[in-house]
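Notes follow once the structure below has been shown.
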Amino acid sequence: MTEKRPENKKPFPKKNFGDKKPFGDKKNFGDKKPFGQKKDFGAKKPYGKPAPKKPVEEGEKMFGRLVKDAPQETTGLTMNARRVALDVLCDVHQNGAFAQLSLDEHLRSAKLRPEDRRLVTSIVYGTLENELRIDYALDKLMDHPTHQPSQRDILRMSAYQILFLDRVPDSAAVNEAVKLVKAMNMEAASGFVNAVLRNLSRGKDTIEWPKKEDDLRTYLSIMGSMPMWLVDRLIEAYGEEEAERVIMYRETEHPIVIRPSFTKTNDAEFEKLLAKKDWRVEKGVAPHAWLVYGAQEITFDNDYKAGLFSIQGQSSMLAAEAVQAKNGMKILDACAAPGGKSAYLCETMQLTGRVFSWELHEKRALLLEGVKRRLGLDNMRITVRDASDFREDFENTLDAVLLDAPCAGLGVLSQKPDVKLRLKAEDIPSIVDTQKKILETVCRYVKKGGTLVYSTCSILPEENTLQVKNFLASHPEYELIDLPASFPEELRKQQTENGLQLLGCRDGVEGFFIARMRRVR
């Protein structure tokens with residue numbers, strides 16, 4: 001499988017691919033610092049155990065074909081899978097696509113094997129999550145770094161495998177990159193790509209990374225792959241130590257978070273159901289939340305299709321829980337897609353009352369329709385509507401309003417790592433203004449004694465605590481109230497006079513903000 005390294009390969013000045021930088025004795029490289037190690041905030045005890053792995057006998061059928069010997073480890077991707085990963089990265093960088101949507105679309109059409117789907121997903125998200133650090137390493141190997149978009153993304157995704165994935169041999173990552181370059185009709189660049197990646201493979205343990213003690217801001221930007229303007233914002237908001245924890249935090253595993261359908265089962269019965277699955281599961285932080293490891297294509301699970309459980313982030317569950325929905329209530333979920341919080345409210349009320357689910361974009365409203373059908377939510381009313389436009393007939397009529405406002409999304413970078421690459425400092429004021437406009441509108445719908453919950457999946461104060469502080473100052477008819485007793489005590493203790501800021505590195509849930517307010521007059 002290993003290709004012979006080209007001898008006396010000449011550079012390609014016409015293509016401006018850059019000359020290979022000599023590694024030599026690597027004297028310009030220092031010791032590699034540990035990166036992204038998750039601090040031990042207390043290990044959770046697993047509820048179940050991994051399903052026993054059945055050995056593959058000779059001639060057993062795997063993935064639709066007969067094999068004599070089962071592979072013991074993943075050594076790389078098929079050409080089709082590599083092309084999918086590249087296409088998604090190019091779509092993000094060149095077309096401004098959202099990684100999650102682009103990946104879902106490409107995976108649906110590619111019809112890859114399950115192990116290829118998992119590795120493609122890992123490579124796409126891992127490359128985007130660590131892009132600035134990867135670029136830093138690559139640029140040290142090129143006198144004239146390539147700016148040809150497809151070549152750059154091939155180098156990035158291959159460098160991610162070399163630097164971060166132990167299960168993919170370096171030689172496989174290099175050889176597959178060269179094959180991909182040739183398949184993309186960029187034959188002339190194959191020697192360049194081969195040389196850069198082989199140099200990276202040989203010298204990865206001696207790269208001279210930025211040092212924390214020399215320049216904290218540069219260290220956090222490169223090693224945490226965070227744009228410098230965001231590093232500065234987070235240091236200003238949280239101080240150097242906490243900002244470092246926020247920026248350097250990486251999930252060691254990416255479990256799927258699920259919860260039972262409250263109309264069809266309860267926590268005890270759901271626990272018994274999970275015990276029959278070939279999954280490793282453990283209780284989450286949020287009420288009713290379970291973390292699932294090892295589930296493949298969970299949306300194809302028969303119990304999921306039957307509506308016995310839903311996939312929903314823990315912080316999203318907590319935002320809906322803060323409403324404290326009761327049977328017969330009339331509640332507005334103002335920015336409702338993809339539908340998890342609306343479903344939570346509908347089920348909590350046991351399909352009584354009404355949940356008005358508003359969504360600005362028609363395509364995203366289709367997600368709400370799918371949730372409603374799968375779970376049988378007869379008390380959900382879906383409308384394509386701009387929540388900032390006042391609806392007079394709703395004034396002073398609702399028991400509760402949940403506004404999970406449009407935001408910068410910096411609290412969910414594990415699920416949306418491309419956010420930090422597309423977001424600009426100049427975007428924040430517009431986002432804050434939109435939040436304020438919607439909040440000023442929907443607060444008029446809550447009747448006296450009713451509840452207004454404001455939430456975002458962001459960690460910037462101007463979107464969260466400062467937004468609520470300014471709102472309360474201009475709306476004396478509202479007051480902040482305590483989070484419900486159903487919240488974990490440790491989280492309730494962290495509530496301030498302007499709400500609760502959740503941080504993934506500290507709280508074991510997605511970065512989120514929740515403020516619970518009551519209309520007193």
Side-chain angles (χ1 to χ4, degrees), residues 1 35-36 63 71 73-95 97-138 146 149-184 186 193-194 196-198 200-201 204 224-225 250-256 293-294 296-297 412-422:
M1 293 295 292
F35 172 70
F63 309 114
E73 64 177 1
T74 303
T75 57
L77 294 166
T78 63
M79 176 60 72
N80 191 28
R82 277 178 268 144
R83 184 60 185 265
V84 168
L86 176 61
D87 285 347
V88 173
L89 292 174
C90 289
D91 201 15
V92 170
H93 291 129
Q94 298 177 43
N95 303 322
F98 293 98
Q100 184 177 12
L101 297 178
S102 181
L103 181 62
D104 288 347
E105 181 180 348
H106 281 86
L107 287 178
R108 276 196 302 270
S109 59
K111 298 180 180 178
L112 302 177
R113 300 177 302 174
E115 72 272 26
D116 276 349
R117 291 172 62 91
R118 291 192 295 272
L119 192 50
V120 165
T121 301
S122 173
I123 288 173
V124 167
Y125 281 98
T127 300
L128 293 171
E129 186 174 49
N130 299 287
E131 183 168 308
L132 296 187
R133 185 177 179 185
I134 291 169
D135 281 352
Y136 179 89
L138 288 172
T146 178
S150 297
Q151 290 174 28
R152 190 76 184 183
D153 281 333
I154 290 173
L155 287 171
R156 282 169 172 158
M157 60 186 273
S158 305
Y160 171 71
Q161 296 172 71
I162 291 171
L163 293 172
F164 295 97
L165 293 186
D166 293 335
R167 68 178 182 269
V168 177
D170 289 0
S171 58
V174 175
N175 292 336
E176 290 172 355
V178 172
K179 292 176 183 177
L180 186 55
V181 169
K182 293 178 179 178
M184 294 284 292
M186 296 186 292
V193 169
N194 181 73
V196 170
L197 293 177
R198 289 194 183 278
L200 178 63
S201 175
K204 64 181 179 180
S225 278
R250 296 291 188 276
E251 292 183 8
T252 55
E253 293 184 89
H254 296 273
I256 300 171
Y293 303 84
Q296 299 179 15
E297 309 292 349
V412 290
L413 292 181
S414 293
Q415 294 87 4
K416 301 177 180 180
D418 51 314
V419 166
K420 62 183 177 182
L421 303 177
R422 75 173 73 251

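Closest approach of Ile154 and Met186 over heavy atoms only: CD1-CE, 3.9 Å. Between Tyr293 and Glu253, the shortest heavy-atom distance links the atoms CD2-OE1, 3.5 Å. Closest approach of Ser158 to Ala177, counting heavy atoms only: OG-CB, 3.2 Å. When all heavy atoms are compared, the tightest approach of Ala99 to Val92 is CA-CG2, 3.8 Å. In plain terms, the two heavy atoms of Ala137 and Leu163 that are nearest each other are CB-CD1, 4.3 Å. The minimum heavy-atom distance between Ala159 and Ile134, with the atom names listed, is CB-CG2, 3.7 Å.
Separation of atoms CD1 (Ile123) and CG (Leu165) is listed at 6.5 Å; rounding is to 0.5 Å. Note that the CG atom of Leu128 and the CD atom of Gln100 stand 12.0 Å from one another [nearest 0.5 Å]. Of the inter-residue distances, the one linking Glu105 atom CD with Leu103 atom CG reads 10.5 Å to the nearest 0.5 angstrom. The line from OH of Tyr136 to OG of Ser225 is 12.5 Å long, rounded to the nearest 0.5 Å. Distance check: Leu197 CG to Ile162 CD1 gives 5.0 Å after rounding to the nearest 0.5 Å. Taken to the nearest 0.5 Å, the CG atom of Leu200 stands 8.0 Å off from the CG atom of Asp170.
Residues Phe98 and Arg422 have side chains in contact (heavy-atom distance under 4.5 Å, counting atoms from C-beta outward). Side chains of Arg156 and Glu131 form a contact here, defined as non-hydrogen atoms less than 4.5 Å apart. Looking only at side-chain heavy atoms (C-beta outward), Ser150 and Gln94 come within less than 4.5 Å of each other. Considering only heavy atoms from C-beta on, Arg152 stays 4.5 Å or farther from His93 through its side chain.
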Requested in this report: Verify side chain to side chain contact (heavy atoms under 4.5 Å, CB included) between Val168 and Leu119, making sure each step is shown before the conclusion.
Outcome: CA-CA 10 Å; Val168 177; Leu119 192 50; 4.3 Å; yes
Query - Test side chain to side chain contact (heavy atoms under 4.5 Å, CB included) applied to Met184 and Leu86, step by step - result: CA-CA 10 Å; Met184 294 284 292; Leu86 176 61; 3.9 Å; yes
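Across Lys420, Arg250, Lys416, a single residue satisfies salt bridge (Lys or Arg N to Asp or Glu O under 4.0 Å) together with Glu129, and that is Arg250. With respect to His106, the side-chain contact (heavy atoms from CB on, under 4.5 Å) criterion is satisfied by exactly one of Val120, Leu101, Asp87: Asp87.
Geometrically, Arg133 does not engage Tyr160 in a cation-pi contact defined by less than 6.0 Å to the ring centre and at most 45° from the axis.
Here Arg117 pairs with Glu297 in a salt bridge; the nearest charged N to carboxylate O distance falls below 4.0 Å.
Side-chain contact of Thr78 with Asp116: a donor-acceptor pair under 3.5 Å is present, judged by distance alone. Asn175 and Arg198 form a side-chain donor-acceptor contact under 3.5 Å, judged by distance and modelled atom types alone. Side chains of Gln151 and Thr146: a donor-acceptor N/O pair is present below 3.5 angstrom, by distance only.
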